[in-house]
Amino acid sequence: AAPGEQLGVRCLIESAAEEPRVLCIVQDTTNAKTVNERLTLNLPASTTVSKLYEDVAHKAGYANGTFCLAWANTGAMVRVLPCPSKQTKTLHYACVTLLQDESGTADSSGLDDSSQGRFIGPLPRDGTVGCSSDYSSPSYSYSSILNKSETGYVGLVNQAMTCYLNSLLQTLFMTPEFRNALYNWEFEESEEDPVISIPYQLKRLFVLLQTSKKRAIETTDVTRSFGWDSSEAWQQHDVQELCRVMFDALEQKWKQTEQADLINQLYQGKLKDYVRCLECGYESWRIDTYLDIPLVIRPFGASQAFGSVEEALQAFIQPETLDGPNQYFCERCKKKCDARKGLRFLHFPYLLTLQLKRFDFDYTTMHRIKLNDRMTFPEELDMSPFIDVEDEKSPQTESCTDSGAENEGSCHSDQMSNDFSTDDAVDEGICLDNTSSAERVLKPKSSLTFELFSVMVHSGSAAGGHYYACIKSFSDSQWYSFNDQHVSKVSQLASVLKEYSTNAYMLMYRLKDPSRNAKFLEVEDFPEHIKRLVQREKESEEQEKRQREIERNTCKIKLFCMHPVKMMMTENKLEVHKDKTLREATEMAYKLMDLDGVVPLDCCRLVKYDEFHEYLERSYEGEEDMPMGLLLGGVKSSYMFDLLLEIRRPDQVFQPYKPGEVMVKVHVVDLKSESIAAPVSVRAYLNQTITEFKQLIAQATGLCAETMRVVLERCYNDLRLLYVPNKTLKAEGFFRSNKVFVESSDSTDHQAAFTDSVLWKLLDRHGNTIRLFVSLPELSPGSLANRTSCPKASADSEDSLDGAKGSRKSVEAILEESTEKLKNLSLQQQQHQQQSSSTSDSQKSSEHSDFEHIESPAQEPDAASQPSQTENSTRAASDTENQFPSEERSDSDVNNDRSTSSVDSDILSSSHSSDTLCNADSGPLPLANGLDSHSITSSRRSKAHKGKKETWDTAEEDSGTDSEYDENGKSKADAQYLYFKAEPYSQEDGSGEGQKCLLVHVDKRITLAAFKQNLEPFVGVPSTQFKVFRVYANNQEFESVRLNETLSSFSDDNKITIRLGRALKKGEYRVKVYQLLVNDPEPCKFLLETVFAKGMTVRQSKEELLPQLKDQCKMDISIDRFRLRKKTWKNPGTVFLDYHVYEEDINISSNWEVFLEVLEEPERMKSMSQLAVLTRRWCPAQMNLEAFREVVLESSSVEDFRCPSCSASDLTVLLLLQGRGTFPCDMSVLEIHQDLDWNPKVSTLNVWPLYICDDGAVIFYRDSTEELMELSEEERNELMKKESSRLLKTGHRVSYSPRKEKALKIYLDGGPTKDPGQD
C-alpha cells in the first residue's frame, strides 16, 4: 500500500475478567478487491497505537509505515490516527481522547459510562451512540439486538403469555402523571419486604425502562410481587381486568400515604344512574364512580355495529323506556308508571379509559366470539356532548335515596365494567367514600377535549391471541409500537387510527389542560431515593454485563479423571477463561476433581481425550503457558473432544502422546494357567507393519517377538489373527483405540489352525462368558411333598429329588458333593484341551482401559483345594435322560424381554471399564474362572451365534419352540462345550436371613435347559421342579420358560431368582384367572394363576380349577354354577362352552388371561349361535341407571329384547345405545340422555350402527316416551359433584363440566394460601 492510504478502524472496549480489552475491526480500503474484508484484533487496552500498527501490518501483510489507520463510522473517515513513530500513547487513551475531541464532553472518570457496551468513536449526528453496523465472530457478538432500541425505549420480555401485562405496564410508564407520582413515593424497606411490594417493584421497573441500556428487561420481579408463580405466566388474561385489579392492589398498598387517592384523582369519573317517571316527572337517582367506560361494539340482537366511539358513547347514555310489564313503581304516584331509565356523565377523569367490548357470546353457537367490526376513534375526543350540565348546575331536589330507588337504579351494573360493592369481600379496590371529593367533581370544565395517547390492541380470536400497545410519547409527540421486547417507531398517526380500528381493545385519552399536563421527570430531577435506586440498578447491570462477558470468554469442556482412591472414572465440567494458561487450568482441574491431599499437583497433567473410543489423542508437552482459548481451538460451550486429568506415580514419567498415534490395549494370555492379564497400553502408528508392532509389544511386555501370536478383537466376537508380517496396522483395521491379545510360548498350539487352537477357545470363552447373580429358594423339609408330579427324571435327578425330600443340606455342602460329579462331566473337554484341572479356578480379570495401572495379585490356590467352587463345561443341550420339553412364554415376558434382549449388553451392563492413568509393567492377572467379567458385554451388542437361529419370545412362534429338540428332548445341533461355574456369595442387601445366593459365570450361548440342569445341584431339586425368573432394573420379575433359548439376552451382573414349582411341560400355558363382578365398583378381581394344556376341554379346566379355588380363594362353588370367558383388557368377551377344546376351538397363547363368572342360575348358553349381552336400563325420569342384567339372545334381532325373560319386554318404544370405552362403560347421568346417540330404528344388532357380534357387549336401553327430569341449578350442581366423585373413584373422566378460566388475582401478602387438600 502506498504511504497515506488508509484502513478504517472501529473499536469496542469490552470488560474482560481482569483488564479491559479493545476489539479492533479493521476494514482494508486500499483497493476495491479488499474493501469488503475485515481484520479483527482483540487487544488489551494498554496496547500502544504503534503496537496496533505493527499487529495490523503483520496480519494484513503490509510493511509498517506504508499505510495509515483512521477511525471510521458508518463508512465515513473521521480522523487519522497519529503515525506510529510519533505515538506512544496507549490505545485506551487514544480511544477516550478521540471520543472527547469529537463529542465535546470530557469526562475522564466516566470511562465505563462512555466506552463500555458501545463502539468507540465520535457520537453520531442524531445524538445516539453506537455504530449502525453489527459485528459478529465465532467468539464475539455485538449485534444491536443486545443494545437498546434505536428509539431509545426499552422493551419488556414476554415470560410466556404475559403480553397483556407488558402492554399495560408500557402504557402506565408512558403516562407522565402516573410515572412521576410513582417516583415521588418513597419505599420504606423497614416496613415491608421489597420482594412483595407492588409499588416498589413497579417503580424499580420504571427506573430500568428509563435508564437501562438493555433492549428488553424482565418482568418476573413484578409478577413475583403479585404473588404469582411460574404457572401464571402461561395464563392469558384480559388487559382491562388486569388494570382494575392492579389499581385496586395499588390503592390497598398506598393507604395512609400521599398517593392514597392517586388512582381516583387520575382515572376515576362519576355518573348518575337515574329513573324518571314519565307521568309526574319524579326522578330517583344515585351517583356511581367508574374507572373505565365499556363501549358496546355491536348491540344485542343487532347485525350492524357502531361505526365510531362517539356513536357508542351516545348509545351508552341513551335512556330506555320502562313500560308494559317492566313499568316502574313511582313513589310519588304510588303506582306503576311508565318511566325512563338511563345514565348521565357528571364528571370525566383526567385520564379517560375506554374499553371496546370486542368479546361477546354467540347464543346461536353457544360459544365466545370476538367482534372484529371496524370502530373508528379520533385523535382528539370532545366529551362535552356527553356530560349532563344541567344536573351539575342544579341537582334534583327530589332525589330519592330509599332502598327501592337504589334497587331500581342499580341496573347500570350490567353495562358498567365496575360493579362496586361496600362488601370488603368483593371490593375490587375502588374507594367508595365520595364525601370528600363530591364538591370538586360537580363542576364541568371549560374544555373537555381529550387527546389519544395509548391504543392497546388484541390480535387473535376469543380463544386466545396477542396484546401489544401503540403509545404516543408526550416528549416528542412521536408514536411508538411496544410489542413485548420490540420497540419501533410508527410512521404516521393516520395509520394507527386506521389500522387498529378493527382490533383496538382499550383506548387511553388524556385531558388537554396545560395547567395539569405534566412532563416526565428527567434523570437530573430525580428525587434522592430514586437516584440511589438508579445507582444500585446501574451497578447490578454492570455486574451482570461483566459476568456475561466472562461467560462469553469461558471455555466449557468435559473433564475426566480416574480417581486414585475411588478407583473409578469421574466426570465433571471444566469451565476456564480463554486467557488462562494450561498450567492454571491443570490446577483448576486438580481442585475440581478433589485431588488435593491425595496426589501432588506435579503428578497431574491435562491431555486431549476421546471418551467414546477411550483414546488419548495427544499430550501438551511444552505448552504449559499457552492460553486455553488457543489450545482448545476457540471459545465454545461444547467440544468434539474432552480432557483427561492424567495421574502418575511419583517414580514414573509421563509418556508423550503424539497426534496420529493409535492406542492399543495389550492383554497377555497365559495358556498354561488360562489367564488373561490386565491391559498394558501401547501407542503405535497406523503405517507400522505387524513385525514392527510385535517388536513394540515385546519391548512393553518382555515377550519374545519371534514366537508371538497377536490377535486383534475388532468388535464383539470378531477375533483376527495378525500373521502377515508386512501388512500395516491400518490395513488390518486398527483405529483410534484397539484391543489385542498376545501369546508367546513354546507350545505346539501355534501349529494348529487358529479356530482350532487352545488360544482361540480361551478367547472365545473369555468373550462370551457373563456373570449372573442367582438367588436360590428356601428349602424346608417336605416342601416338595405336595407338589405336582413331574415326568420321570433320570437317575441323577431322582437321587437329587430323594435328597431333597430328606434332610436339607447347605449350599456349601451341595457344592462340595457335586464337585466330583461335575469334574467327571468336564473330563472330556479337559482332555481335549490337555490342561490341568488345577487351573480351573483362575480369577476373572476386569477389563481396564488404556491408562490404568493395576498391581497383579498373586496366583490363587488350586481349585482342588476349594471344594466350594466348581467349574463345569457342559453341552448346549442335556445328554441325560431328562426331557426338556418346550415351554411357552408366560406373564409379561413377551414385552419385557423383547424390549431389552437385543440391547441388554449395552444398557444393563453395570460395570464400565476402569481406565488407567499411565503405563507400567504389570504381571499377568490370573482368571479364577477363566474370563474377564468386565470385558464380556461392556460396549458390545449381542450377536446371534453363527449357524444357529435366534429364537425370540413371541407367542406367534410358540409352535416352533421344539425345533431344536428330538422326541427325547436331546439337542439336534452339534454338541458344543460351554463354560459354567458357580460359587456362593453373601448378599448384603438380601431379603432376609437364610437367603442363599450364587455367583455364576456362564457362557451366554448355553440354553436355558442346560443352564437349569447345571443349577440342579445348588437348588436341590430336578430342573423340572423349579422356575427361573429374570429380575429387571425396577425389581419386576418375569419368568423365562423357553428352554431352547440361549442366555444371549443376558448381560453382566443381571439378577436371576429361582423359585420352586413345577415347570411347564410341552403344550402347557400359564393362565391368570380373574373374577368378573359386573355390578361391583371394581369389576375385575384377580383370583389365581393356573396351568391349562393344549387339547384340554373347558370342562376339564374347570374341574382342575375347583380345588384351587377352594384352597386359595375360599370359593366353594359347583362346576355348573360358574363359567369361563374371554378377557380382553378389562372387557368380558366370548363365553367358553364346556365342550370347547383349547387350541382347537379356543386360541390359547402365552400371557393368557380369562374371566371366571359365578352364575346365579344354571348356564343358559348352550350354543355358539346364542349371544350373551350385558344390558342396563336408563331411567331419565329418575336420573338413574339400573344394575347390569345379562340377556341371552337366540339371534341378533332386537325383538329378542321383548321376550318374557328380558327386562325390556314391557317398553313401548325401545331406544338402544352401545356402551363406549372399557367395561363397565360408565358415564355421567348428566350426559347419557342428550350427549349420546340413541338409535330408535335399530332392528338388528350385528349391523350398523351397533355392530354387536360377540358376547359381553354393553347395551343401554330406555323408553322413548319417558321424559327427562327437570333439575334446578342447585340440583344440577349437586348431582354433578356426586357424579364427579363417583366417576373419579372408578377412573372414568367427567366430560360434562366445561373448563373454567382461572381468575386473575393479585395477592397483597406475597402469594395465595393454598389448601393442603387442593390440587
Side-chain angles (χ1 to χ4, degrees), residues 1071-1080 1083-1085 1087 1090 1092 1095-1106 1109 1113 1115-1148 1152-1177 1186-1209 1214 1216 1218-1219 1222-1225 1242-1247 1250-1261:
V1071 179
K1072 291 184 177 180
V1073 182
Y1074 294 81
Q1075 185 177 5
L1076 177 63
L1077 304 166
V1078 293
N1079 287 308
D1080 276 21
C1084 182
K1085 175 185 176 184
L1087 293 179
T1090 187
F1092 287 176
M1096 179 187 290
T1097 65
V1098 173
R1099 188 171 184 84
Q1100 290 173 338
S1101 64
K1102 290 168 66 176
E1103 290 173 350
E1104 291 200 6
L1105 272 175
L1106 283 176
L1109 290 171
C1113 306
M1115 295 176 63
D1116 191 4
I1117 53 178
S1118 65
I1119 193 169
D1120 295 326
R1121 286 305 176 95
F1122 77 94
R1123 65 156 69 124
L1124 299 179
R1125 66 190 306 168
K1126 183 179 179 181
K1127 178 179 181 291
T1128 306
W1129 184 230
K1130 293 184 178 181
N1131 300 315
T1134 307
V1135 175
F1136 299 148
L1137 305 181
D1138 285 353
Y1139 58 81
H1140 284 164
V1141 179
Y1142 295 115
E1143 198 67 34
E1144 295 180 8
D1145 303 313
I1146 302 171
N1147 292 326
I1148 187 171
W1152 208 49
E1153 296 177 346
V1154 295
F1155 270 128
L1156 182 149
E1157 185 177 10
V1158 179
L1159 303 175
E1160 297 179 356
E1161 55 186 13
E1163 178 66 79
R1164 289 185 291 141
M1165 286 287 293
K1166 304 296 182 182
S1167 170
M1168 290 297 294
S1169 62
Q1170 293 175 308
L1171 190 65
V1173 295
L1174 294 168
T1175 63
R1176 201 171 185 186
R1177 180 174 178 176
E1186 293 182 353
F1188 276 106
R1189 293 187 61 184
E1190 183 181 77
V1191 177
V1192 177
L1193 307 176
E1194 298 298 328
S1195 67
S1196 297
S1197 174
V1198 175
E1199 292 302 319
D1200 284 352
F1201 272 80
R1202 301 187 182 278
C1203 64
S1205 63
C1206 179
S1207 61
S1209 59
L1214 186 68
L1216 300 181
Q1218 185 177 10
T1222 59
F1223 187 82
C1225 308
V1242 176
S1243 59
T1244 308
L1245 300 179
N1246 59 356
V1247 296
L1250 298 181
Y1251 290 114
I1252 297 175
C1253 304
D1254 195 7
D1255 301 329
V1258 175
I1259 297 179
F1260 295 94
Y1261 66 94

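The chain is numbered in sequence order, starting from 1. What you see is a predicted model, and the numbers here were worked out from it, not measured in a lab.
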[X] [atom1] to [Y] [atom2] distance, which is reported to the nearest 0.5 Å:
X     : Y     : atom1 : atom2 : value
L1087 : M1115 : CG    : CE    : 5.5 Å
T1128 : D1254 : OG1   : CG    : 8.5 Å
E1194 : K1166 : CD    : NZ    : 11.5 Å
E1157 : L1077 : CD    : CG    : 9.0 Å
F1136 : K1102 : CZ    : NZ    : 12.0 Å
S1101 : I1146 : OG    : CD1   : 7.5 Å

Report summary line: Between L1109 and the options I1117, V1073, D1116, T1090, the side-chain contact (heavy atoms from CB on, under 4.5 Å) test singles out I1117

Requested in this report: Report the C-alpha separation of L1124 and F1092 in whole Å, then their side-chain angles, then the decisive distance to 0.1 Å, and conclude whether the side chain to side chain contact (heavy atoms under 4.5 Å, CB included) test is met.
Outcome: CA-CA 13 Å; L1124 299 179; F1092 287 176; 4.3 Å; yes

Strictly distance-based, threshold 3.5 Å: is any side-chain N or O of [X] a donor or acceptor partner for the main-chain N or O of [Y]?
X     : Y     : answer
T1097 : Y1139 : no
D1255 : V1135 : yes
R1176 : E1186 : yes
S1167 : Q1170 : no
N1131 : F1223 : yes

Query raised in the report: Among all residues two or more places apart in sequence or in another chain, which pass the salt bridge (charged side-chain N to carboxylate O under 4.0 Å, His left out) test with E1163?
Result: R1123

Of the non-hydrogen atoms in [X] and [Y], which two are nearest, and what is the gap between them?
X     : Y     : answer
N1079 : A1187 : OD1-CB, 3.5 Å
P1132 : L1174 : CG-CD1, 4.2 Å
A1257 : I1252 : CB-CG2, 3.5 Å

Counting C-beta onward and ignoring hydrogens, is there a side-chain heavy-atom pair between [X] and [Y] closer than 4.5 Å?
X     : Y     : answer
D1145 : M1168 : no
M1165 : E1190 : no
P1162 : R1121 : yes

Query raised in the report: Should the heavy atoms of other residues, nucleotides or ligands under 6.0 Å from NZ of K1130 be counted, would the total exceed 12?
Result: no

Report task. Can you label the angle between the F1188 ring and the F1260 ring as parallel, tilted or perpendicular, going by 30° and 60°? Result -> tilted

Query - Lys/Arg cation over aromatic F1155: K1127, 6.0 Å, 45° cone - result: yes

Report task. Output yes when R1099 and D1120 qualify as a salt bridge under the 4.0 Å nitrogen-oxygen rule, no when they do not. Result -> yes

